[in-house]
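Notes to accompany the following structure.
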Amino acid sequence: MSSNLRSFNYIRQLKISTIFKIGAMLFSFLAIPLMIKYLGDEKFGVWATMLTLMSWVVFFDLGIGNGLKNKITKNLSKENYQNVKEYISTSYALIGFISVILFLSFMLISFFIPWQIVFNSDIVSENNLRLAILSLSFFIFLNFWLSLVNQIYHGLQNSSKVVLGQFIANFLALFLVFLLLKFTNSSLQLVVLSYGISTVLSNVILTVLIFTKNPQYIPNLSLFNKKKVNSLLSFGLKFFVIQLAVLVIFMTDKIIITQLLGPNQVTPFEVLFRLFSIITISHSLILVPLWPAYTDAYTKGDFEWIKQNMIKQIKLGFILFFIASILAIAGPKITYFWIGSEFKASQSLYYLFAIFIIFSVWSNIFAYFVNAINKLSVQFYSAIFAAVINIPLSIFFVKYFDYGLEGIILATIISLTLFAFLGPIQVFMIISRRMS
C-alpha cells in the first residue's frame, strides 16, 4: 500500500468505524440502567464481576490473535497470499483446540469452586450461580474461537467491520435486556443467555461476511502448518504475557472490591468505568486501524508516514486529556441523569478515573505502534512490573489507608506509570534511528 492509499484507507475505516461505534456505545449505555433495574445493585455487581472474571479467556490465545493480525498484514504487503491462508487455517485450528480444552477443564474445576464465596454474595443460590457461570463460559469459549475473525479483518486493514460486530452485539444485548425487563423476573441466567446470544451471533455474521467476500482465505484443516505454529507462538509469546498482565490488573480490581468492600461496591466502580470508557473507546477507534497501517508502513520503510501520524496522535492525546478533565467535573450530573438519583460516588473517584484515563490514552498512543512492529521488550517488562505491584498496592490502600474504591483505582494508576514514561522514549528512539 502506498502512503496515499494507506492514509485514504485509514481515514475511510475511521469514518465508518465512528458511525458504528457511536451506535454501539449508545446501545451499551442504554443497557446499563436497564440491567441495574432488572438485576438490582448486588446482583448486577455479581454479573459485572462474573463477566470480568471470565474475560481471562481471551488472553489464552497465547498471543496467536495479535500475531495473526501482524502476519496477515506483513504477508499481504509482500503479496504472499498462500502464507496468509496458511496462517489463518493454522490459527483457527489452534484456537479451536485451545477453546475445547479450556472449556472442558473449566467445567470440571467449576464443581469444586465455592462460587458464593468467590462473589462474596448469597443473593443467588450456589447451584444457580454455578449454572450461570458455566453457561457464560460456554458462550465465551465459543466466542473465543469465533472472534478470530476480528483479527483477520484487522490484518486486512478493514477494522470497521470489527466495530460493526460490536454494533450488532450491543444492539442485540439491549433489545434482549429490554425484553427481559418487560416480560420476566430478575434472573442472572437469562442475562447470561442474552449476552451469549448477542456476542456469538454478531461474530457468526462477521464470519459469513468475510469468507463470502474472500473465499480464498476460508480455513482449511489440510493447510495446518507446524512451522506456522512455531512462528505464531514465538511472535505472540510476549503479546500473551502483556495481555496476561493486563488481565491481572483489570480483572483483579473487581475481585478485590468484591472481597474487601462487597459486590454492591462493584456497581459504582463499573458505572464510572463505563462512563470514562467513552474516551478510551473513542480513542481505540482511531488507534485500531493504525495498528495494521503501522505494520504496513514499517515493513515498507515508510517512516515519514509513521512520524507524521505519531505526532497527530500525541496532539489528539492532549485533547482527550482535556475531555477527561471536563468529564470528571460534569460526571456526577451525567450519572444522575443516566443512572438515577440513587447512584452515589465520591467526587474524588471521578477525578481518579480521569487520571487513569489520561495515563491509559498516553500509553496506548505508543503501545499500538510497538505492538504493530513487534518491538515489545519495554512494554513486556513494564506490564510485568504493573501486574506485580497492582494487587498488593490495591489491598494496601484499601486495608491500611481505608481509601475504599479510590484506593483500587489509585493502585491501577501507579501500576501504569512505568510504560507511560518509557514507551514514548522507546518510540522516539526507533523512529529517530530509522530516519537518520
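Reckoned from all heavy atoms, side chains included, excluding hydrogens, waters and symmetry mates.
With sequence neighbours excluded, no residue satisfies ring-ring contact (aromatic ring centres under 6.0 Å, His included) with Y217. Judged as a side chain to side chain donor-acceptor pair (under 3.5 Å), and not counting sequence neighbours, W47 has no contacts. For F421, there are no ring-ring contact (aromatic ring centres under 6.0 Å, His included) partners two or more places apart in sequence or in a different chain. By the side chain to side chain donor-acceptor pair (under 3.5 Å) test, T417 pairs with no residue at all, sequence neighbours left out. The ring-ring contact (aromatic ring centres under 6.0 Å, His included) search around F139 returns none, not counting sequence neighbours. Under the side chain to side chain donor-acceptor pair (under 3.5 Å) criterion, D41 pairs with no residue at all, not counting sequence neighbours. Under the ring-ring contact (aromatic ring centres under 6.0 Å, His included) criterion, F353 pairs with F269, F276, sequence neighbours left out. Residues that satisfy the side chain to side chain donor-acceptor pair (under 3.5 Å) test with Q347, not counting sequence neighbours, are absent from this structure.
If you take CD1 on I197 and OG on S202, they are separated by 12.0 Å, rounding to the nearest 0.5 Å. In this structure, the separation between CG on N364 and CZ on F419 is 8.5 Å, given to the nearest 0.5 Å. Atom CG in D302 sits 12.0 Å away from atom OH in Y294 (nearest 0.5 Å). To the nearest 0.5 angstrom, Y153 atom OH is 8.0 Å from L164 atom CG. Atom CG of L209 and atom CG of N214 lie 10.5 Å apart (nearest 0.5 Å). The CD1 atom of I334 sits 10.0 Å away from atom CG of L272, with the distance rounded to the nearest 0.5 Å.
For the pair E126 (side chain) and W115 (backbone), a donor-acceptor distance under 3.5 Å is present. Checking side-chain atoms of N309 against main-chain N and O of L290 turns up no donor-acceptor pair under 3.5 Å. Side-chain N or O atoms of Y87 include none that pairs as donor or acceptor with a backbone N or O of N75 at under 3.5 Å. When atom types are taken as modelled, the side chain of T73 and the backbone of G155 share a donor-acceptor pair closer than 3.5 angstrom. Here the side chain of S89 pairs no donor or acceptor atom with the backbone of F224 at under 3.5 angstrom. With hydrogens and angles ignored, the 3.5 Å screen pairs no side-chain donor or acceptor of Q426 with any backbone N or O of V370.
Residues L223 and T90 share a closest heavy-atom pair of O-OG1, 3.8 Å. Shown here for G317 and I365, the closest heavy-atom pair between the two residues is CA-CD1, 4.1 Å. Minimum interatomic distance between P268 and K344 (heavy atoms only, all atoms of both residues): CB-O, 3.9 Å. Of all heavy-atom pairs spanning S159 and H154, the tightest one is OG-ND1, 3.1 Å. Between Q259 and I117, the shortest heavy-atom contact is NE2-O, 3.0 Å. The heavy-atom pair separating V124 from Q116 by the smallest distance is O-NE2, 2.8 Å.
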Distance-only criterion, 3.5 Å: show the donor-acceptor pairs between side-chain atoms of residues 100-113 and protein atoms not counting sequence neighbours.
from: S105; atom 1: OG; to: I101; atom 2: O; distance (Å): 2.8
from: S110; atom 1: OG; to: M107; atom 2: O; distance (Å): 2.8

Residues 14-36, side-chain donor-acceptor partners within the protein, below 3.5 Å, at least two apart:
from: S17; atom 1: OG; to: Q13; atom 2: O; distance (Å): 2.7
from: T18; atom 1: OG1; to: L14; atom 2: O; distance (Å): 2.7
from: K21; atom 1: NZ; to: Q166; atom 2: OE1; distance (Å): 2.2

Using residues 378-386 as the side-chain source, report each donor-acceptor pair under 3.5 Å to any protein atom, sequence neighbours left out, with the distance given to one decimal.
from: Q379; atom 1: NE2; to: N371; atom 2: OD1; distance (Å): 2.7
from: S382; atom 1: OG; to: V378; atom 2: O; distance (Å): 2.8

| request: Take W362 and L416 through the test side chain to side chain contact (heavy atoms under 4.5 Å, CB included) and record every step on the way to the result. | output: CA-CA 10 Å; W362 180 254; L416 297 176; over 6 Å; no
| field | Derivation of the side chain to side chain contact (heavy atoms under 4.5 Å, CB included) call for L174 and N170 | value | CA-CA 6 Å; L174 173 62; N170 288 2; over 6 Å; no
| Do D402 and F397 pass the side chain to side chain contact (heavy atoms under 4.5 Å, CB included) test, and can you show the C-alpha distance, the side-chain angles, and the key distance before you say yes or no? | CA-CA 6 Å; D402 197 26; F397 286 146; over 6 Å; no
| said: side chain to side chain contact (heavy atoms under 4.5 Å, CB included) for L76 and V84? Distances and angles first, verdict last. | reply: CA-CA 7 Å; L76 286 177; V84 171; 3.9 Å; yes
| task | Test F396 against Y400 for ring pair (Phe, Tyr, Trp, His ring centres under 6.0 Å), laying out the working first. | result | CA-CA 5 Å; F396 181 72; Y400 296 99; 5.7 Å; yes
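Residues Q189 and N128 have side chains not in contact (no heavy-atom distance under 4.5 Å, counting atoms from C-beta outward). Using a 4.5 Å heavy-atom cutoff, the side chains of L68 and I88 are in contact. Within the 4.5 Å cutoff, the side chain of H283 has heavy atoms near those of the L316 side chain. Using a 4.5 Å cut-off on side-chain heavy atoms (C-beta onward), S135 and L131 make contact. Looking at V191 and K43, their side chains never come closer than 4.5 Å, going by heavy atoms from C-beta outward. For the pair Q313 and L287, the minimum side-chain heavy-atom distance is below 4.5 Å. Between N143 and N203, some side-chain heavy-atom pair lies under the 4.5 Å cut-off. Within the 4.5 Å cutoff, the side chain of N83 has no heavy atoms near those of the K74 side chain.
Sorted by first and then second residue, the salt bridge (charged side-chain N to carboxylate O under 4.0 Å, His left out) pairs involving residues 258-284 (not counting sequence neighbours) are K254-E270, E270-R274.
Atom CD1 of I326 is surrounded by more than 12 heavy atoms from other residues, nucleotides or ligands within 6.0 Å. Within 6.0 Å of atom OH in Y350, more than 12 heavy atoms from other residues, nucleotides or ligands are found, so the atom counts as buried in its surroundings. Annotation for F273: atom CZ does not count as buried by contact number, only 12 or fewer foreign heavy atoms lying within 6.0 Å.
Among F303, F366, W305, Y368, the one residue that satisfies the side-chain contact (heavy atoms from CB on, under 4.5 Å) test with M310 is F366. Exactly one residue among L327, I339, I357 makes a side-chain contact (heavy atoms from CB on, under 4.5 Å) with L275. That residue is L327.
Aromatic ring centroids of F321 and F318 lie under 6.0 Å apart.
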